[in-house]
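The next block holds one structure in the form of structure tokens; read it before the comments.
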2 protein chains.
Amino acid sequence: MNQISSFLEPKSVAIIGASSNPAKLGWQILSNLKQAGFSGNVYPINLKESQILGYQAYSSISELAGKVDLAVVVIPAPLVLAELKKIAQADCRNVIIISAGFGEAGAAGQKMEKEIKALAREYNLNILGPNCLGLINYNSRLNLTFAKMQKEEIKKGHNIAFLSQSGAIGSAVLDWTANKNIGFSLFVSLGNKAGLDETDFFEYLLADQKTDLVVLYLEEISSGSKWLNLVSRLSKIKPVAILKAGRTSSGISAAKSHTGSLAGDAAITVMALGRSGAIVLRDLNEMFNLMRLVKKPLDLKNSGLHIISNAGGPVVLSADEAAEQGLALPDLSPAVSKKIAKILPSFGHARNPLDVLGDATSERYSQALEALLAEPAVSALLVLLTPQSGTDSQNIAEIIGQYSLKYPDKLVVTSFMGALAISASKKVLADYLVPNFDYPEEAIRVLAHYLKWQKQKKSLAVYNPEAKANFNGRKPGLWDYLESQELLAQSGIQTVKTVTKFSQLKYPAAVKIVGPKIVHKSEAQAIHLNIPNAAGLKKILSGNKLLKQAGNYAVAQTMVKDGLELIIGCKRDVNFGPVIVIGWGGIYTEIIKDARMFLAEDNSKIILAALKDLKVYNLLRGARGDKGYDIAALVKLIGQVVKLVRSHNEIKELDLNPVFVLRRGALVADWRLIS
Amino acid sequence: MNQISSFLEPKSVAIIGASSNPAKLGWQILSNLKQAGFSGNVYPINLKESQILGYQAYSSISELAGKVDLAVVVIPAPLVLAELKKIAQADCRNVIIISAGFGEAGAAGQKMEKEIKALAREYNLNILGPNCLGLINYNSRLNLTFAKMQKEEIKKGHNIAFLSQSGAIGSAVLDWTANKNIGFSLFVSLGNKAGLDETDFFEYLLADQKTDLVVLYLEEISSGSKWLNLVSRLSKIKPVAILKAGRTSSGISAAKSHTGSLAGDAAITVMALGRSGAIVLRDLNEMFNLMRLVKKPLDLKNSGLHIISNAGGPVVLSADEAAEQGLALPDLSPAVSKKIAKILPSFGHARNPLDVLGDATSERYSQALEALLAEPAVSALLVLLTPQSGTDSQNIAEIIGQYSLKYPDKLVVTSFMGALAISASKKVLADYLVPNFDYPEEAIRVLAHYLKWQKQKKSLAVYNPEAKANFNGRKPGLWDYLESQELLAQSGIQTVKTVTKFSQLKYPAAVKIVGPKIVHKSEAQAIHLNIPNAAGLKKILSGNKLLKQAGNYAVAQTMVKDGLELIIGCKRDVNFGPVIVIGWGGIYTEIIKDARMFLAEDNSKIILAALKDLKVYNLLRGARGDKGYDIAALVKLIGQVVKLVRSHNEIKELDLNPVFVLRRGALVADWRLIS
């Protein structure tokens, strides 16, 4: 059992601040724990009471040294630090701090939170919170939240792990999902993340057979490389869905005043989420819909969607939505078309999406369901229904339910539209655990998320965190031009031949003044291009003011001909490490803004995919009869840049601009390295 | 009273196919009409019965000559045509054909539908349908649908006009909105649109004081120019919202097999909807949310949104969504900030969106509501709530309701999150007619639609349909090069001087072979550029194969120097008339695809806005120290193209490529005109 297992599967729990007053959180938590049927020892800690809710109470955790696996703290903030020390001294290493009034509550609270962090390090404590709603682990029959819950809630469904950085979203989720066939194997309110954060639970979830879906609500992601590694590993096994608040600068600004946390660069975070293999949710509605969709683990053969409807309008809306979500609606096979044609009126169309027409009875629905679900190529089926005159909705719901049982390896979902006219049939669908969505577009959106995940899970590459070699205590700053050229050369990156003695120089040439204070050569007017001959060079160098400054010197290169000009840059994100930017160079950088950003990974597929996203790729591969440029050399060069920045985590910025992609080969004509 | 008024406000109605069997549509329609309290004469037409539902029945409409304002036909399709003739002969001009089995039902049905159209023209009939759900006009207490409705439904709310091309969507809408404080002033199921279409109802709605919101579900738009004119006029007065199915090619393909209708070019339709001033809905969910939002006519001063929440997570999600929807969240004024700061704990932040924190009681909500709503700058307020321990949701709902009454000129809406814990407070909000949305992002999306409409309604330009001057019976086809140059010149469009005698030609020059069969000059190798001198020209012309073909001849131009190369094209959409495409020319056309399409309107604001959307605009206005090009001349030139194509509706295609924008002036170097 690793550390987090002892936290999630305690044999004994102490509630510090347990109360006999049902209005208090300390009573609610104890009551929830009892109601959940926890079989371990329960120790309410209360100065005055001798017994609460039938459990013997203790005046201090100090009386229970060595006996408590997990302590829940629900006392006023100013008392928490002293209590934490007692907990540690009583040999308990796992703590949930429910109490609020810390990082979220001004300077005084922030100071206390820092001290909590220090204590956690000193005593090697697993701390969840502070300022959280608590924890539910169905596997351990553990409900350590103060959420008011229906008695049956902890007993059913329970195949979803939900981790939330917001207590309010957490409690709304518990309330929303009540009575809805949605249950949590694990529910973690992360609070202020002073100790444990979401990544600490990911290893547990990798092994957890009872969780079919992991859902995260997050406002900031720290230690992004570790995070990406774990999420990409998890995503190969089960769907992980993330609602990330703070995906715009406006949202980040709101998040700062809310949590005081640094939410990171929005664009890089959005890109990293895309790389993680997780399902990136758009909003709370999608979050709930996904929870309703995933009832069990499925391994679908085909990632396309088939649709049956008794009305044309919803078919058109669904086709639009599927197209916009990039969800394929595969054509029917000739054999299926033939079967379908037999059950439709002569003017019907045997196609996908399939309109079984407004007069469709349960019998016609049944025939269509059988014809489609019997096909191996059909993996996911969405059944739409609008209540029309003569539509026997309840029978149709019953039949759909039966087919969902007959084909347990397939995904059958519905969107029955309306309210009064279909309330009974919705109940039938719920009894069969067939997910029903209010609107067809909602169903399509959540299916697109899920089917896309199904499609790519196997080929998803696990993200490997960067290595941490270093420059051996080198002083940070701008590197010398020739020294950085040497480093590029060692990394296998070809640069233009650069000389400091000019007698052998071939013209036309470029000359640059380089030196310790010249960071932006163009701005400093330190670059001169297209010098025709030695006389021109002499004119530039004689009396050059920049050359009079200490440490500056001149370098020259022969101009590169017939190359396509690109830029390659690297910056380092505080959370996700090195990020590569590639783009069309020259005037196009500014005018067309043809650039693409990706996490630095030594993976030629990822690099090539980024290149293909550029408009300049049309020129690289050869447009209008042109034979094109050496794309393989460019991919190799970018790969070498990736290796360089990943193996030296002190590199803050690396700019290669311009990079010339030639008919054969690729080489860098100017560079800047800051470590 | 104009024609459509007599249709919508009949004094007498005949139901042809009225039945005494409650299982039949003919009974349901009569029953609905009676239940609605229609005060005019009602004539059930039935061969056998003498009385139905208390009304005297007639065996044929022929007995009622001159007595019926509106006839509803609900008999089998094959009998409809004969009945239509009887209706016309009985001097009734308004008909609703409920019966299905026409255009949507194969070749036989399509043939009958054509005959209906012919009859409608012959007898000047207003025909709604066939294959429709019918009509509700609350103003006339008229319910001519067969939808099963609650008795009270026709009596309440009733400020929305809903026009649907899909009967199934229509009936789902009626079912969805039942018991939800949403009512229809006008409900029209358009069916197959064999006679009346949505535009026939727009004039009526322009004058209709009882309708605060117009909602359209459409699968195809015909007579787009008239449509745009009416929708833009309506949109200046009240919000018009459109859910257009078939906005992708995939949706259009589904629509074709559904209605057999030609849905038009998706991209042009999407663009035209954007131009109309209407609210373009994304999906059914947005459609319902908008119906829930608009309870009365409002004229809001400020199009920004203010938000109050008792939890930080929803604040961040809302800020993200608002940013993505382009909805402004204005800063608080210093005075309001000061007021707010007093009601928050010391560590709270007085800002918009405003987090009143998790311990907010109804009192703190009340103070925040008062502080914000008292501000003239606050027009729209979204109040978020998550049920936390100590949140007195029901009191908070009550207070919000009271403030919505105290500030009737402002828009107050809520998103109370959760289910069980807030069900009572949701009822309170509903009683106060405060719209409540399940999720904050949903609320933001619908508010963004509505506030954007509020912002632009006054400045919205009415779309004027094109004039219809013509080329006096000219034979269609490719125009002669010099003749089309002459037309361009007459339209004030400057072209490069073009000669057919070359002795005075200045070099470098371009020569082109033009002629009646050379449509694509480049493909035909009929263009030669950069000819340095007369010898070069001679070499090209001597023995030129193209010149040997009948009607072909050579023209020459001096090459244009120092111009920026653009393209201007015009094509004609079947629905929306002339469409202009402008773009960056040369290789950029293909590589960068920097182009923008807009409806041809002689409005320099629209033209300039389109130009500003182009990447090449950065070069036009001068990038990197360049002084830029003559944008005013370019706008003028495009305006002249617009005038030309709008005043000659036989122009099928006009391509100006390249157009050179100069430092001063703009001129066209090559052109092609097809009428």
Side-chain angles (χ1 to χ4, degrees), chain A residues 25 105-106 146 148 166 168-169 171-172 175-176 178 217 219 245-248 250-251 254-255 257-259 283-285 311-317 319-324 346-347 349 351 353 355 358 386-389 417-421 439 441-442 587 590-592 615 618-619 623-624, chain B residues 25 105-106 146 166 168-169 171-172 175-176 178 217 219 245-248 250-251 253-255 257-259 283-285 311-317 319-324 346-347 349 351 353 355 358 386-389 417-421 439 441-442 587 590-592 615 618-619 623-624:
Chain A
L25 302 188
F146 57 88
K148 283 172 199 139
S166 157
I169 299 278
S171 56
D175 193 34
W176 254 314
Y217 169 84
E219 286 168 14
R247 61 182 186 273
T248 63
S250 177
S257 78
H258 161 41
T259 60
D283 53 30
L284 286 166
N285 190 11
V315 159
V316 184
L317 293 173
D320 279 334
E321 191 66 43
E324 288 180 356
S346 61
F347 55 83
H349 297 270
R351 48 164 287 166
D355 185 352
T386 52
Q388 302 186 45
S389 63
M417 280 164 271
L420 303 177
Y439 305 101
E441 302 99 327
E442 277 185 35
I587 64 156
E590 272 180 37
I591 305 294
I592 303 178
K615 294 198 160 78
N618 290 320
L619 290 181
R624 296 180 142 212
Chain B
L25 302 187
F146 58 88
S166 157
I169 299 278
S171 55
D175 193 34
W176 255 313
Y217 169 85
E219 286 167 14
R247 61 182 186 273
T248 63
S250 176
S253 149
S257 79
H258 160 42
T259 61
D283 53 30
L284 286 166
N285 191 12
V315 158
V316 184
L317 293 173
D320 279 333
E321 191 67 43
E324 287 180 357
S346 62
F347 55 83
H349 297 270
R351 50 164 287 165
D355 185 353
T386 52
Q388 303 186 44
S389 61
M417 279 164 273
L420 303 178
Y439 305 100
E441 302 98 328
E442 275 185 39
I587 65 154
E590 271 180 39
I591 304 295
I592 304 179
K615 294 199 159 79
N618 290 318
L619 289 180
R624 297 182 141 211

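By convention in this document, chain letters (A, B, ...) are assigned in the order of the sequence lines, proteins followed by strands, and residues within each chain are numbered from 1.
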_At a heavy-atom distance under 4.5 Å, which candidate from Ala421(B), Gly358(B), Ser346(B), Ala172(B) has the highest pair count against chain A?_
Ala421(B)

*Taking all non-hydrogen atoms of both residues into account, name the closest pair between Pro387(B) and Ser171(A) and its distance.*
O-OG, 3.4 Å

*asked:* To check you understand the geometry: which heavy-atom pair defines the closest contact between Ala254(A) and Arg351(B), and what is its length?
replied: CA-NH2, 3.9 Å

_Closest non-hydrogen atom pair, Gly313(B) against Glu219(A)_ = CA-OE2, 3.2 Å

*Which residue out of Asn618(B), Ile169(B), Leu619(B), Ile592(B) racks up the most heavy-atom pairs below 4.5 Å with chain A?*
Ile592(B)

*If you count heavy-atom pairs under 4.5 Å with chain A, which of Asp320(B), Asp283(B), Ile591(B) comes out on top?*
Asp320(B)

*For residues Ala419(B) and Asp175(A), report the shortest heavy-atom separation together with the two atoms involved.*
N-OD2, 2.7 Å

_At a heavy-atom distance under 4.5 Å, which candidate from Ala623(A), Gly106(A), Pro314(A), Gly418(A) has the highest pair count against chain B?_
Gly418(A)

*Donor-acceptor contact present, side-chain Glu441(B) to main-chain Asn285(A), <3.5 Å*: no

*Would you name the heavy atoms of Ala245(A) and Val316(B) that are closest together and state the gap between them?*
CB-CG1, 3.5 Å

*Could you tell me whether the side chain of Thr248(A) reaches within less than 4.5 Å of the side chain of Glu324(B), counting heavy atoms only?*
yes

_Within this structure, what is the CZ-CD distance for the pair Arg247(A) and Glu321(B), rounded to the nearest 0.5 Å?_
5.5 Å

*Compare every heavy atom of Ala323(B) with every heavy atom of Ser250(A), then report the nearest pair and how far apart it is.*
CB-CB, 3.8 Å

*Taking every heavy-atom pair that is under 4.5 Å apart, which of Ala105(A), Ala322(A), Ser389(A) has the most such pairs with chain B?*
Ala105(A)

